[in-house]
Amino acid sequence: CRPPQSLSFLFSFNKTISHSTHKRPNPKANASASSAAKQPMSEKARFAKTVLFVPPGVDPEEVTDEMVLPGSNIVVGPYAGHSQIKEVEFVKSSSRAKDCPKDTRPEFAILGRSNVGKSSLINALVRKKEVALTSKKPGKTQLINHFLVNKSWYIVDLPGYGFARAPDSAKTDWSSFTKGYFLNRETLVAVLLLIDASVPPQRIDLDCANWLGRNNIPMTFVFTKCDKMKASKGKRPDENIRDFQELIRENYRQHPPWIMTSSVTGLGRDELLLHMSQLRNYWDQ
Ligand SMILES: Nc1nc2c(ncn2[C@@H]2O[C@H](COP(=O)(O)OP(=O)(O)OP(=O)(O)O)[C@@H](O)[C@H]2O)c(=O)[nH]1
Ligand SMILES: [Mg+2]
């Protein structure tokens with residue numbers, strides 16, 4: 001069992017691969033690169049290529065386009081393995097970090113603003129409608145909910161932050177409550193920080209990401225509601241995501257892994273599970 005920051009080197013020191021310096025050993029990829037060079041790369045492609053997450057066991061020089069999960073900056077490496085969820089059981093709700101299950105199995109924490117789609121994402125990942133609701137107790141937001149997956153790892157549902165009606169009190173509770181969990185949970189592999197892609201970047205999400213970053217807690221940005229592509233007002237999800245990335249880039253030398261998802265269409269579901277499998281298997285070895 002490793003300390004909670006064990007994977008943090010991946011998130012701090014993985015090399016940046018820019019489109020222009022990236023070597024492609026694959027001749028097919030070279031051909032597409034040269035044809036792409038004739039045409040200006042699309043804004044979206046340039047955005048997707050800016051910074052990749054290169055997992056353990058992958059030489060950054062060997063990365064090809066095919067190794068990058070669609071709708072993400074995540075490279076798939078040799079630790080990726082069985083990722084489908086066969087069974088999930090609710091284990092317990094804890095009101096303090098020290099009440100969490102005493103266990104050596106790895107876990108992923110789901111974090112994000114209230115209404116960002118945490119419960120929906122959990123239900124989409126496990127392909128059940130009611131899973132994340134089984135522990136939902138109205139009015140009790142200060143609970144850490146452990147779900148055991150395939151008897152081998154946990155998904156942990158955390159209270160949402162940034163409640164519209166009580167922002168100050170929710171913020172205070174959140175920080176004191178989560179500090180204990182994030183800083184002391186030895187089996188925490190990574191935090192999935194959910195960001196609503198249908199709205200512009202929110203200060204509270206950036207603050208949260210920065211807090212995790214400062215404390216060397218590995219995180220993956222999971223952009224939710226990416227199906228909301230019609231922009232009647234405001235920007236499209238891909239534009240909001242790009243804006244968010246730009247703000248994050250100011251504070252991070254390397255960009256953490258990120259992925260686009262939709263609980264409505266299932267976008268990113270299998271890709272996210274594969275990403276989680278490679279983090280978990282590396283942590284577990
Ligand atoms: N279009 C769309 N709507 C979504 C998606 N995910 C969640 N929603 C909607 O967003 C609302 C909030 O979703 P929840 O999953 O309850 O959000 P939550 O983060 O668990 O919220 P709290 O439990 O209040 O912290 C619901 O109306 C969902 O139907 C998505 O991927 N696309
Ligand atoms: Mg919820």
Side-chain angles (χ1 to χ4, degrees), residues 69-72 85 88 90-95 107-147 154-175 177-178 181-182 191-202 204-209 212 219-241 244 258-273 275-276:
L69 290 170
S72 84
I85 294 179
V88 59
F90 170 70
V91 177
K92 76 177 287 199
S93 292
S94 315
S95 56
E107 65 190 43
F108 293 87
I110 312 283
L111 182 63
R113 272 185 302 121
S114 184
N115 210 47
V116 72
K118 296 181 297 298
S119 302
S120 303
L121 180 79
I122 291 174
N123 292 334
L125 289 179
V126 306
R127 288 191 192 275
K128 282 185 183 168
K129 283 215 170 110
E130 75 285 9
V131 166
L133 298 176
T134 54
S135 66
K136 193 169 179 181
K137 293 174 185 164
K140 292 195 179 183
T141 56
Q142 303 299 307
L143 292 174
I144 306 169
N145 300 308
H146 274 77
F147 298 94
Y154 289 99
I155 289 180
V156 184
D157 194 7
L158 295 172
Y161 57 81
F163 296 95
R165 283 183 194 168
D168 292 338
S169 60
K171 252 190 252 175
T172 309
D173 289 350
W174 181 81
S175 62
F177 171 71
T178 49
Y181 173 81
F182 287 125
V191 173
L192 304 186
L193 181 56
L194 273 55
I195 308 291
D196 187 342
S198 69
V199 297
Q202 307 286 303
I204 195 165
D205 292 332
L206 294 162
D207 287 348
C208 182
L212 293 169
M219 82 187 102
T220 294
F221 293 114
V222 176
F223 293 102
T224 63
K225 310 191 186 184
C226 291
D227 56 285
K228 290 189 166 179
M229 280 311 206
K230 275 189 213 149
S232 50
K233 270 189 214 159
K235 296 184 177 179
R236 296 192 314 267
D238 58 315
E239 295 172 310
N240 290 327
I241 290 171
F244 187 88
W258 59 265
I259 184 164
M260 297 171 77
T261 68
S262 164
S263 301
V264 172
T265 65
L267 174 79
R269 177 192 177 276
D270 293 339
E271 290 80 7
L272 178 55
L273 286 171
H275 171 58
M276 291 163 80

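Read the numbers this way: they start at 1 and go in the same order the structure lists the ligands and their atoms.
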Undergrad: Taking all heavy atoms of Ile155 and all of Leu125, pick out the closest pair and write down the distance.
TA: CD1-CD1, 4.3 Å

Undergrad: Polar-atom distance check: Thr261 versus ligand 1, any N or O pair below 3.5 Å?
TA: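 No, since none of the N or O atoms of Thr261 sits under 3.5 Å from an N or O of ligand 1.
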
Undergrad: Would you mind running through ligand 1 and noting each atom that sits below 4.0 Å from a heavy atom of Val264?
TA: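 Selected atoms, number and element: 1 (N), 2 (C), 30 (C), 31 (O), 32 (N).
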
Undergrad: Does Val116 come within less than 4.0 angstrom of ligand 1, counting non-hydrogen atoms of the residue?
TA: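 Distance cut 4.0 Å: Val116 passes for ligand 1.
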
Undergrad: Minimum heavy-atom separation for Ser94 and Lys92, please, with both atom names.
TA: OG-CE, 3.6 Å

Undergrad: Using a heavy-atom cut-off of under 4.0 Å, does the side chain or the backbone of Asp227 touch ligand 1, or both, or neither?
TA: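 Near ligand 1, Asp227 shows its side chain, while the N, CA, C and O stay back.
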
Undergrad: Short list, please: which atoms of ligand 1 are under 4.0 Å from a heavy atom of Arg113?
TA: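 This gives 19 (O) as the contact atoms.
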
Undergrad: Mind listing the closest non-hydrogen atom pair of Gly268 and Ile259 along with its distance?
TA: O-CD1, 3.8 Å

Undergrad: Check Lys118 with Asp157, please: is the shortest side-chain N to carboxylate O separation under 4.0 Å?
TA: no

Undergrad: Under 3.5 Å, is there a donor-acceptor pair between the Ser93 and Asn145 side chains?
TA: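 Yes, side-chain donor-acceptor contact under 3.5 Å.
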
Undergrad: Have a look at Asp227 and tell me which of Ser198, Ser263, Ser262 forms a side chain to side chain donor-acceptor pair (under 3.5 Å) with it.
TA: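 Answer to the side chain to side chain donor-acceptor pair (under 3.5 Å) test with Asp227 among Ser198, Ser263, Ser262: Ser262.
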
Undergrad: Is there a nitrogen or oxygen of Thr224 sitting under 3.5 Å from a nitrogen or oxygen of ligand 1?
TA: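 No - when backbone and side-chain N and O of Thr224 are compared with those of ligand 1, no distance drops under 3.5 Å.
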
Undergrad: Would you check the N or O atoms of Lys228, main chain and side chain alike, for any that come under 3.5 Å of an N or O of ligand 1?
TA: no

Undergrad: Counting each atom of ligand 1 from 1 as listed, which ones have a heavy atom of Gly117 under 4.0 Å away?
TA: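 That gives atoms 7 (C), 13 (O), 14 (P), 15 (O), 17 (O), 18 (P), 19 (O) of ligand 1.
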
Undergrad: Give a yes or no on whether Ser120 keeps an N, O or S atom under 2.8 Å from the Mg ion (ligand 2).
TA: no

Undergrad: Could a heavy atom of Ser262 be found less than 4.0 Å from some atom of ligand 1?
TA: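 The answer is yes: ligand 1 sits under 4.0 Å from a heavy atom of Ser262.
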
Undergrad: Would you say Cys226 and ligand 1 have an N/O pair spaced under 3.5 Å apart?
TA: no

Undergrad: Side chains of His275 and Ser72: donor-acceptor distance under 3.5 Å anywhere?
TA: no

Undergrad: Do the side chains of Ser120 and Thr224 get nearer than 4.5 Å, heavy atoms only?
TA: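 Answer no - side chains too far apart.
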
